[in-house]
Amino acid sequence: MGGRGARVTADRVLAVWCPDWPATAVGIDAATPGAVVEGGRLAACTAAARAVGVRRGQRVRDAQRRCPDLVVRERDAGAEGRLFETVAEAVAELVPKVEVVRPGLCAVPARGAARFYGGEEALRVHLQDAVVEAGYDCGAGIADGLFAAELAARRGGGVVVPEGGTAAFLAPLPLWVLDRPELAGLLDRLGVRTLGDFAALPAASVADRFGADGAAAHRLARGEEPRPLAPAAATAERTVRAAFDPPAERAEQVVFTAKRLAGELHAALAAGGTTCVRLAVTIGFADGRVLERLWRHDGTLSSAAVAERVRWQLAAWRPEPGTDDAVWGGVAWVELAPDQLVPDTGRQQALWGQSAVTERVARAADRVQALLGHAGVVRPLLVAGRDPGERVVRVPVGDLPPDGRPDGPWPGGVPGPAPAAVPPEPLPAEVTDAAGARVTVSARCAVSAPPAWIAVGGGPAEEVAAWTGPWPVAERWWDPARARRRARFQVVTAGGRAYLAAVEGGRWRIEAVYD
Amino acid sequence: MAQAVRAFAPDGAGREPVPVLSALRPVVPGGGLRPGSVVGVGGHGAGTLGLALVAGASRHGGADGAGGWCAVVGMPDAGVAAAAGMGAAPQRLLLVDDPGDRWPDVVAALVEAVDLVLLRPPERPGAAAARRLSALARRHGCVLALAAFADAWPGVRLRLRVDESRWEGVGAGHGVLRARRARVSAEGRGGAWLWLPGPSGEVAPAERTRTRLEIVA
């Protein structure tokens, strides 16, 4: 990796793409009309189903109307990962350094291998045959860079795009192949319809207008690496490793350790302001055998997702189907190595700074997650927001914080000290004046009468000692479907309690309690 | 070895106290919470008081005083922004919003790892569960702060409560909540007047702050 430096032009990559992999993984044959559903919509369907008008993203009942004998299965992400190990293994027999981009797509560097097998087309056919012999339909394509190689693999069983010809190959393709619907929508309105049109825009303007992700998409469209590689490929010192003594006999133990290692690795990378494009997971067995696999990372995998990939990797190496959780001969060590460091531009992983989760805390969090599920224990992240409830984002321990945090200024925020109790959902309340009539606020922000009584959540009415407001809050006024108009009050009762109350559409609610 | 000795010291003796915010030191006997003890908080303003304990351990706790880890269990409404305003570090907080009926197991896992657990049990705790958790907290030197059912918990040594409080800054239709003067006491002892919280969210002794505010006014 060391010699690649700041080179921008992508290297030759061979991609192996298995069509409709989610359907294959749950055992639906391509000749059978079948579909895989996730959340009530189709995540994938077979070629036979497509032929009668079934499409990805359709509702299940729409698809069944078009194809009454459609075989429908629930999506199984775990099976997709485990089964794809067989494909990756078939490829690795011929070219050792296989990178699994996602279940259904893997890639190998093509340059050296093409020399060995006598040309790129020969290599392509050779690999495709190997996977088909393993029992899976696939396309194989070669081009400059992974993005173009995947598109080459998807074109009619696969093609070889000649070196330097990638930009020309990409130019006529529509923008949706970038898989960035918002960007494609914006560009479409600007009259940009193909990758060629997009590539012709000046890079600096694209970066200014569309940000880091837009710039990455622009580099893809021009047939370059999506992100410039970091000049110093100091990956060796970032490698994390754990040994098992005695060797770990159960997959669970290895997966658990891998999750902790991934957490350490992410913290170290974030501290350096970098992220890795790929992650090499190496597992050493007690009998000396070593299993290495590259996984696409791009800074988007959480610790739990890395652990899941380790589980897939181990699943392919079970001694026999009967022994469910036993690891072949015992695992002696596991190592995670980041591959290709890039500057972390588009994401903010260092939000938690140096406060990485200590080992003791990680262990406790893991026990709680075993009891309550992954989202059972969370870390709070303070962000800007107008509502007290919007100011905290809860991130499950082990996950990366979300990107795209809204940050200030937020007109209409509540001044003064933050409330000590913020119910997840506002509590229903009743606020009445001295005569017992509900207090209302007119469109011009006039209060019908001073609040005299407040009853929270169906409880007894408390006398209001002091109040202030109304503070109007108009949110998303530009979007009729999501627009909200509220008026806020702070109310102090004679008993010394203080509430942040809001009236919206004539209904009162308690947004927070100054407990 | 030192750790082993510490682990066997009865009832937290010989261990550093879990720190509290400096404004709370006059209220808490010994100027800090005894490691492994169970503390009850109550009264109007118990929410803020509980978060103030979290803030103290989070800001000044830990092995070298650089900041400790805290957990909040069974309080989905805990105001993280308020805790941060008092000095808590959100990056060292763990929240378990809805532990359900597994709450004793959840707390048992957490007391091994953090300096302080602020707990609102979702149900009246049974004596056996309370004794087990008290013993675990004692062994690991973790403070268990109870935001509810402190009366049902055997062996609560310290009960903090807000006796009187008054919000300032709001009149009849004008102003904004600025700060609360509160008298906080440990049961059976004298208390102290505090800003809980003060104008910028912090906890401070009330007398001094009040003088300054009067000059400004």
Side-chain angles (χ1 to χ4, degrees), chain A residues 351-368 370-372 375-382 385 388-389 391-392 394 397 414-425 447 450-451 464-469 471 490-492 495-498 500 512-515, chain B residues 44-51 67 69 71-72 75-86 89-100 102 105-106 108-114 162 164-167 169-180 182 197-202:
Chain A
L351 290 173
W352 283 311
Q354 301 81 2
S355 282
V357 177
T358 65
E359 199 176 327
R360 223 160 41 123
V361 170
R363 213 161 38 222
D366 212 79
R367 278 171 60 191
V368 177
L371 288 167
L372 304 177
V377 52
V378 298
R379 300 176 75 188
L381 190 66
L382 286 180
R391 293 207 46 208
V392 179
R394 294 167 135 76
V397 174
V414 183
V422 183
E425 289 294 321
V447 185
V464 171
W467 62 279
T468 176
W471 300 326
Q490 283 178 331
V491 178
V492 181
R497 292 171 182 273
L500 179 67
V513 185
Y514 293 88
D515 185 23
Chain B
H44 285 349
T48 306
L49 197 51
L51 294 179
W69 281 82
V72 180
M75 298 178 67
D77 57 350
V80 177
M86 290 186 272
Q91 64 269 31
R92 288 192 297 273
L93 269 185
L94 296 177
L95 309 180
V96 182
D97 289 342
D98 184 17
R102 308 300 301 272
D105 298 325
V106 169
L110 291 171
V111 292
E112 292 186 13
V114 301
V162 180
E164 287 177 65
S165 68
R166 187 183 166 77
W167 278 97
V170 176
H174 56 84
V176 59
L177 282 183
R178 202 183 59 224
R180 172 170 58 185
S200 54
E202 80 293 355

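These numbers were taken from a predicted model, which means no experiment stands behind them. So that the names make sense, note that chain A is the first sequence line, chain B the second, and so on, each numbered from 1.
- The line from CG of B:Leu93 to CG of A:Leu381 is 11.5 Å long, rounded to the nearest 0.5 Å.
- If you measure heavy-atom distances from A:Pro415 to chain B, the contacts under 4.5 Å come from both the backbone and the side chain.
- Interface residue B:Leu177: backbone and side-chain heavy atoms are both found under 4.5 Å from chain A.
- With a 4.5 angstrom heavy-atom cutoff, B:Asp98 touches chain A only via backbone atoms.
- Put simply, of B:Ala108, B:Ala113, B:Pro197, B:Gly79, the one with the most heavy-atom pairs under 4.5 Å next to chain A is B:Ala113.
- Each of B:Ser165, B:Gly201, B:Gly173 has some count of heavy-atom pairs under 4.5 Å with chain A, and the biggest count is that of B:Gly173.
- The contact between B:Ala81 and chain A is made by backbone and side chain atoms together, counting heavy-atom distances below 4.5 Å.
- Pairing each heavy atom of A:Pro424 with each of B:Pro76, the nearest pair is CG-CB, 3.7 Å.
- Atom CH2 of B:Trp69 and atom CZ of A:Arg360 lie 11.0 Å apart (nearest 0.5 Å).
- Contact tally against chain B (heavy-atom pairs below 4.5 Å) for A:Pro451, A:Ala420, A:Ala418: the top residue is A:Ala420.
- The backbone N or O of B:Gly175 sits less than 3.5 Å from a side-chain atom of A:Thr468, completing a donor-acceptor pair.
- Most heavy-atom pairs under 4.5 Å with chain A: of the set B:Val162, B:Val111, B:Asp97, this distinction falls to B:Asp97.
- Of the listed residues (A:Val492, A:Leu500, A:Val377, A:Val491), the one with the most heavy-atom contacts under 4.5 Å to chain B is A:Val377.
- B:Gly198 approaches A:Pro417 most closely through the heavy-atom pair O-CG, 3.6 Å.
- Of the possible donor and acceptor atoms, none in the side chain of A:Arg497 sits under 3.5 Å from a partner among the backbone N and O of B:His44.
- For B:Thr48, the parts lying near chain A are the backbone and the side chain together; criterion is any non-hydrogen pair under 4.5 Å.
- Here A:Arg379 contributes atom CZ and B:Leu94 contributes atom CG; the two are 7.5 Å apart, rounded to the nearest 0.5 Å.
- In this structure, B:Arg180 contributes its side chain and A:Asp515 its backbone to a donor-acceptor pair below 3.5 Å.
- Chosen from B:Val114, B:Leu95, B:Val96, B:Val170, the residue pairing most often with chain A at heavy-atom distances under 4.5 Å is B:Leu95.
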